[in-house]
A.B. asks: 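The structure follows.
Sequence lines set the chain letters: A, B, ... in the order given, protein chains first and strands last, and positions in each chain run from 1.
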Amino acid sequence: MQPVYMDHGATTPVHPEVVEAMVKAMQANFGNPSSVHAFGRAAKALLEEARVSVAALMGASPEQIIFTSGGTEADNIAIFGAARGMRQKGKGNHIITSAVEHHAVLDACKALEKEGFEVTVLPVDEHGQVHVEELEKALRDDTILVTIMHANNEVGTIQPIKELARLTKARGAVFHTDAVQSFGKIPVDVNDLGVDLLSASAHKIYGPKGVGCLYVARGVKLTPIGYGGSQEKRRRPGTENLPGIVGFGKAAAIAAVEIEEEGTRLRRYRDRLIEGLTALPHVKLNGHPTNRLPQNVNVSFQFIEGESLLLMLDMKRIAASSGSACTSGSLDPSHVLLAMGLSHEIAHGSLRLTLGRGNTEEEIDYILNTLPEIVERLRAMSPLYEGKEVVMSCTQRR
Amino acid sequence: MQPVYMDHGATTPVHPEVVEAMVKAMQANFGNPSSVHAFGRAAKALLEEARVSVAALMGASPEQIIFTSGGTEADNIAIFGAARGMRQKGKGNHIITSAVEHHAVLDACKALEKEGFEVTVLPVDEHGQVHVEELEKALRDDTILVTIMHANNEVGTIQPIKELARLTKARGAVFHTDAVQSFGKIPVDVNDLGVDLLSASAHKIYGPKGVGCLYVARGVKLTPIGYGGSQEKRRRPGTENLPGIVGFGKAAAIAAVEIEEEGTRLRRYRDRLIEGLTALPHVKLNGHPTNRLPQNVNVSFQFIEGESLLLMLDMKRIAASSGSACTSGSLDPSHVLLAMGLSHEIAHGSLRLTLGRGNTEEEIDYILNTLPEIVERLRAMSPLYEGKEVVMSCTQRR
Amino acid sequence: MYTEKVMDHFANPRNVGEIEKASGVGEVGNASCGDIMRISIQVEDNIIKDIKFKTFGCGAAIATSSICTELVKGKSIDEALALTNQAVADALGGLPPAKMHCSNLAAEALHEAIADYKAKQEG
Ligand SMILES: Cc1ncc(COP(=O)(O)O)c(C=O)c1O
Ligand SMILES: Cc1ncc(COP(=O)(O)O)c(C=O)c1O
Ligand code: FES
Ligand code: FES
């Protein structure tokens, strides 16, 4: 059996047609899009073609798309750019975000606090959802920016962006959403969502690492965070990552065709996994039971720790991830799980399986057959677990 | 005849072995280097292998290399990072740069002025060189950062970095050099140069666009400009551009082998071009006569304008560039040429030919045969030019 | 990330479990930081005749617990007390810097178990 990759939330394999398009962009169209000669013009044409394709997948116009070096940079350009831009216009000083954002958002907001901005972090409920009433309470006359992610990377919970954005814009503030995990997976339409700024990243949708984009609605002022050439309307200077951008364009075009069918397929796998795993003793589903990404499964196994679980899965050729701090070398486990009210211990025992194009029904079976044994084995070693399920030693079981 | 690409200063074709390495990195090693499982570990190994290879080409230790999304970002991280870092330490407030820097450096310095930093811009002589005495005069007790490029992108002039860096460090300031044009082309050794920070970019050395690196000497404090994950020691957050970085590593490994021979070969072509072109009437060499990059030719043709020249060359399938403002849509021609004392008119008539791996002796012949005719043709159209060389109309000549 | 030795002890941990009627038991760490280690020992004639562990923690935590039991089994109390966290890490062929604290825990749990044994002797 091939290794089973179930960590598509971390990154995805690159689609063969994406690789092909990138190779072509490097071999036949290596020019600098800023050059006036034939090589430059050919490169420029490819750049704009990719922009059309990425824009189309989010219902935007091509000129509203800025290519970036990834989701992190898109988040940074949006948040620093809008916050400083609005303050320069004298609109205020207050930023609102949520407790479950990616570090690219949370840490950018923290850095802005040092510049004198005031930041309110909205709580989430036990499913990881932001409540519209919480935003309503937090909005002030000097609120200039609200940044709340579309779907969470760890637990897959989808936020009520449409309502949050409407509320925000009614108060004259800018609304940004980090759609890195949802773009290409569930429908994302900037007009329907009503957002001003939206971040996405290519390597989560079978495109290459190191490319992303920011949607910028007309009229939104962004103070640049980087300086150099006049590429991307001066919002993201530097020679464009042409092969990467071409790959992103191709990935978006493929996603546009496959999104619905893939969503249905992965939702079925997801539900099989959730059902099978939560049937085991002392297991808890993390995230929203229904309002979650089709590809996301996140469960906590009581009494065991995530890194050991990942290593054991790895020995069985299963690639997954965990919100345990032990995988990152830091002390606290995932801020997302803690914000949802999980205890440290339960957060440490979390397992995230994120599905994707390559996964098969057999792989779901394999996981469901393999995991119980591993969990039992680790529990048998755990001083926290004294249940009688451990009568037989795990070595005998093998 | 194949089109003749002589714009390697703008960007280079990607080396076939680089493409191959990148394809492998996308197909077989698509994991996220931060993941603990087998896919992640394999990706991490590739990342570190590339770091070793890039470090080796500049005599650095691998852990001193931070991968970035290009030369522009490397410059920005260095300049904003060091300036803000030194100010936080209470070291002062004064930055020194030169008049011929790339916009990634100049515009970053300008942005810092708005933050209350004081910036001194050193002049250059008619060859585009910074004089050591000028730096000596400009250095102050509160100087915290000096940023001067290794070799100029437009005219190829090489700066006396070793002396400039020594002087700077004797005064306790940080020295940064933008080596985007010199890295991989002429010997660059961070220890020999004695710099604290050095920027490079992959797409100028037959690697992919969208990747660069910053060398950071031990003990240099950089305040980050981007926030997110803990990649690259928190100095450049975001999922690493693994295929790009692998390509950069491969390109550096190839450059290490070829640099000497290629340098000798291109120097010969360069000198043939300079000799041939400056033999034409009303032509002037821009940049230093000897202390210049092996691949750079830059001449000004009096009485004509760069964009028209480029378009005519393009019709003859020659790709080149110009310091004319008309190619960039701005009003002023190249700030580099103006800083060297050229008049607007002469600066507008500049042509840059930058040589590379693919160029052949025949292509040099072709340029030397083709250019005089084009120049004459444009001069014949120019109201500035009333010489008698125009007696015959250019169409008759063809 | 981990050496072969670490992975061996992680995949095939030695002396997992709990000694009934142990001469001494030591437990260190807490679930919030992600490590809990419990070591129980059976001592006869000042010699550690048997030793078992249970660990809630990462791969390094499990591997260090395992090797720690192996290193001191059959050794005298004094020899066991001389075991340092560095010796535990070295026996595994090294640990990643971020994981060094896990080896502290194994040595500490062992020392706690011995202290518990001594206290019982005196009491
Ligand atoms: C929700 C979210 N935001 C931002 C990012 C950062 O994107 P990138 O890795 O492209 O910088 C990620 C992925 O790592 C993510 O999941
Ligand atoms: C001297 C110099 N610095 C910086 C850059 C910017 O590098 P990049 O295009 O990789 O952002 C360039 C090239 O465009 C350059 O020539
Ligand atoms: S002459 Fe037309 S832009 Fe310069
Ligand atoms: S148990 Fe968490 S790092 Fe070892």
A.B. asks: Closest approach of Met315(A) and Ala11(C), non-hydrogen atoms and distance?
C.D. replies: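 The answer is SD-CB, 3.6 Å.
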
A.B. asks: Please list all pairs passing the salt bridge (charged side-chain N to carboxylate O under 4.0 Å, His left out) test where one or both residues lie in residues 114-123 of chain C, with sequence neighbours left out.
C.D. replies: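 Checked against salt bridge (charged side-chain N to carboxylate O under 4.0 Å, His left out) - neighbours excluded - the pairs reaching residues 114-123 of chain C are Asp116(C)-Lys120(C).
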
A.B. asks: Would the number of heavy atoms belonging to other residues, nucleotides or ligands and lying under 6.0 Å from CD of Glu275(A) be above 12?
C.D. replies: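 No, because the 6.0 Å sphere around CD of Glu275(A) holds 12 heavy atoms or fewer from other groups.
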
A.B. asks: Other residues, nucleotides and ligands only: do more than 12 of their heavy atoms fall within 6.0 Å of CD on Glu4(C)?
C.D. replies: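 Not more than 12 within 6.0 Å, no.
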
A.B. asks: Quick check: are there more than 12 heavy atoms from other residues, nucleotides or ligands sitting under 6.0 Å from CG of Asp45(C)?
C.D. replies: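 Check fails, neighbour count at 12 or below.
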
A.B. asks: Sequence neighbours left out, what pairs pass salt bridge (charged side-chain N to carboxylate O under 4.0 Å, His left out) with at least one residue falling in residues 100-115 of chain C?
C.D. replies: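 The answer is none; no pair qualifies.
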
A.B. asks: Looking at every heavy atom in both Ala60(C) and Glu307(A), which two are closest together, and how far apart are they?
C.D. replies: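 Heavy atoms only, the tightest pair is N-OE2, 4.2 Å.
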
A.B. asks: Can you see which heavy atom on Pro383(A) is nearest to which on Arg38(C), and at what distance?
C.D. replies: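 Closest pair (atom of Pro383(A), atom of Arg38(C), distance): O-NH2, 3.5 Å.
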
A.B. asks: Pick one of side chain, backbone, both or neither for Leu311(A), based on which atoms fall under 4.5 Å of a heavy atom in chain C.
C.D. replies: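 For Leu311(A), backbone and side chain are both near chain C.
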
A.B. asks: Less than 4.5 Å apart, side chain to side chain, heavy atoms only: is that true for Thr55(C) and Met381(A)?
C.D. replies: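 No, their side chains stay 4.5 Å or more apart.
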
A.B. asks: How far does NE2 of His348(A) sit from CD1 of Ile36(C), to the nearest 0.5 angstrom?
C.D. replies: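 These two atoms lie 9.5 Å from each other.
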
A.B. asks: State the CE-CG distance between Met7(C) and Asp314(A), to the nearest 0.5 angstrom.
C.D. replies: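 Reported to 0.5 Å precision, the distance equals 6.5 Å.
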
A.B. asks: Using side-chain hydrogen bond (donor to acceptor under 3.5 Å, both in side chains) as the criterion, list what pairs up with Glu126(A), not counting sequence neighbours.
C.D. replies: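 With neighbours one apart ignored, the set is empty.
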
A.B. asks: List the atom of Ser382(A), the atom of Phe56(C), and the distance in Å for their closest heavy-atom pair.
C.D. replies: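 Reported closest heavy-atom pair: OG-CB, 4.0 Å.
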
A.B. asks: Could you list which of residues 72-99 of chain C have a heavy atom closer than 4.5 Å to any heavy atom of chain A, in residue-number order?
C.D. replies: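 Only Ala98(C), Lys99(C) of residues 72-99 of chain C have a heavy atom under 4.5 Å from chain A.
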
A.B. asks: What closest approach, in Å, do Ser308(A) and Gly59(C) show between heavy atoms, and which atom pair accounts for it?
C.D. replies: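 Closest pair (atom of Ser308(A), atom of Gly59(C), distance): OG-N, 4.1 Å.
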
